[in-house]
2 protein chains.
Amino acid sequence: MPALPGGFLNHAGEEILDAAHRELSEETALVAGCVHLEQLATYGGAGRDPRGRVVSVAHLAIAPGLPEPVAGTDAVDAAWVPADAVLSGEVELAFDHRRIVTDGIERARTKLEFSALATAFCGELFTIAELQQVYEAVWGTELDTRNFYRKVQAVKGFIVPAGPGRRTTGGRPARLYRAGPKSVLSPPLIRPVPSRTEEDTGTEEDTREEGD
Amino acid sequence: MPALPGGFLNHAGEEILDAAHRELSEETALVAGCVHLEQLATYGGAGRDPRGRVVSVAHLAIAPGLPEPVAGTDAVDAAWVPADAVLSGEVELAFDHRRIVTDGIERARTKLEFSALATAFCGELFTIAELQQVYEAVWGTELDTRNFYRKVQAVKGFIVPAGPGRRTTGGRPARLYRAGPKSVLSPPLIRPVPSRTEEDTGTEEDTREEGD
DNA sequence: CCAAAAGTGTTATGAATACACCCATGC
DNA sequence: GCATGGGTGTATTCATAACACTTTTGG
């Protein structure tokens, strides 16, 4: 049964974030500098791992492209799995890793609204249409191209034009942008209504009557 | 120099959240059930604590009232400190605890917008004016009483009327409410931003700097 | 009656949307 | 020319902020 990549802190008083980067680069080709990595949450307690008490500090990694996993210490069978396959249960993960993935996806969806995280999915240069595809993929929604175009440009410091280069994909060539200096978006890009995921007791009572 | 309360996981494979509740109740009169407690982040690495490597899973606690701290294991000098005093540096904390407090306050301010966390600051029954005071205190802003009144009631499942009881404070008695079933607010209560139209620094990267 | 706080109605303003329209390229 | 996708203008719709106003209590 597949599991998330991970490992232990080394003995040199290593920073947690550094350790996460190290473990990630050991099992994929993703090295620090090309990948956004942030702490997600810490999972502990008995029963997580039958081998004994393990406290895991889960991290969320975002990067453009999908480099093939490299056979590392214990990653001979490493593979990429679509997020939907984990959410739906089609792919079953070991331990409590399905919960960790669920938390991570929710974190990504929320951060897309209020931070510049989306640019971490793109290469250094990208078009606005590519950025929109990130939002549509992560949110699972469709957005109006024209409105997205202006909305994204209205957020000062989110993206900045990158020289005179263009990228052509069959129609009119698109301007290129790179990530701007701001990491917190104001105003935020609000995701369309499909009711935020409930946390715990959130019972969505949709008492909407249809008149006829 | 004061520090945040805390302690170690016990040896029985205790859940992290349970351990946080246990430590909190050992040093204050706040017991589980009356207090909202959620994981904030994990801080680790060398240099945090001169006594050696310590990995701390910080938690954020929200509760109504301020029970006097009880002299517990090592809390003989326990005291409440205003959040502003820590933010401003007027009160200095040991280790990297000032950073933890800063992160926790930011978490509380953000969660107030999108979750029903504010009700955790109130008793079981509260008036809308009391709820508004929570928002004003945590956000450090002033809100229009009349608009807050309707805005809060427009969020389905946030608060529900609690019988015919009233609470009087010198003027017309106020209706009483209790927390509703929803824990995620839609639409959210957006916090007024100081400068949404002006450009500012905003280079808030995720670099978590370790003090000492 | 008066002061104080709760609760309601109403309007102006600004933002989000929907969509018509123009621009630039490959074939 | 024409298909395709990039980019712009604009009207309608809707949420919000501001504030005048009414209601209900205590003294």
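Letters A, B, ... are given to chains in the order of the sequence lines, protein chains preceding strands, and every chain is numbered from 1.
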Comparing nearest nucleotides in DNA chain D, the 5'-proximal residue of the pair Gly170(A), Arg150(B) is Gly170(A)

Could you list by number each residue of residues 128-142 of chain B showing a heavy-atom separation from DNA chain D of less than 4.0 Å, or answer none if no residue does? none

Measure CZ/Arg172(B) against P/dC21(D) and give the value in whole Å, please. 18 Å

Lys151(A) side-chain proximity, nearest of dG7(C), dA5(C), dT17(C): dT17(C)

Between dT25(C), dA18(C), dA16(C), spot the one nearest the side chain of Pro173(A), thanks. dT25(C)

Nearest-nucleotide pick for Thr169(B), side chain only, options being dA5(C), dC19(C), dC19(D): dA5(C)

Whether over 12 other heavy atoms sit under 6.0 Å from Glu92(B) CD: no

What's the CZ-C1' distance between Arg191(B) and dT16(D), to the nearest Å? 18 Å

What's the closest nucleotide to the Arg175(B) side chain, out of dG7(C), dC19(C), dA17(D)? dG7(C)

For the pair made of CD1 in Ile190(B) and P in dT16(D), what is the distance, rounded to whole Å? 8 Å

Would you please test Phe158(A) and Tyr177(A) for ring-ring contact (aromatic ring centres under 6.0 Å, His included) and show each step? CA-CA 10 Å; Phe158(A) 182 16; Tyr177(A) 293 83; over 10 Å; no

Please determine whether any donor N or O and acceptor N or O are separated by less than 3.5 Å between the side chain of Arg146(A) and the base of dG9(D). no

Electrostatic pair Asp103(B):Arg107(B) at N-O distance under 4.0 angstrom: no

Atom-to-atom span, CZ of Phe148(A) to C1' of dG6(D) - whole angstrom: 14 Å

Judged by nearest nucleotide, the residue sitting upstream toward the 5' end of DNA chain D, Pro187(B) or Thr127(A), is Thr127(A)

Taking the side chain as every heavy atom from C-beta outward, state whether Lys111(A) and Glu113(A) have any pair of such atoms under 4.5 Å apart. no

Under the side chain to side chain contact (heavy atoms under 4.5 Å, CB included) test against Cys122(A), which residue among Val134(A), Thr127(A), Ile159(A) passes? Val134(A)

Do Glu106(B) and Thr110(B) get their side chains close enough for a donor-acceptor pair, meaning under 3.5 Å? yes

Quick one: Tyr149(B) OH to dT23(D) P, roughly how many Å, whole number? 15 Å

Protein-nucleotide distance (Leu189(B), atom CG; dT16(D), atom P), rounded to Å: 9 Å

Just the rounded figure in Å: distance from P of dA5(C) to CG of Asp144(B). 15 Å

Tell me which nucleotide among dT8(C), dA18(D), dT8(D) gets nearest to the side chain of Gln153(A). dT8(D)

Rounded to whole Å, the CG-C1' distance (Asn147(A) to dA18(C)) equals 7 Å

Quick one: do the Thr141(B) and Arg191(B) side chains pair a donor with an acceptor below 3.5 Å? no

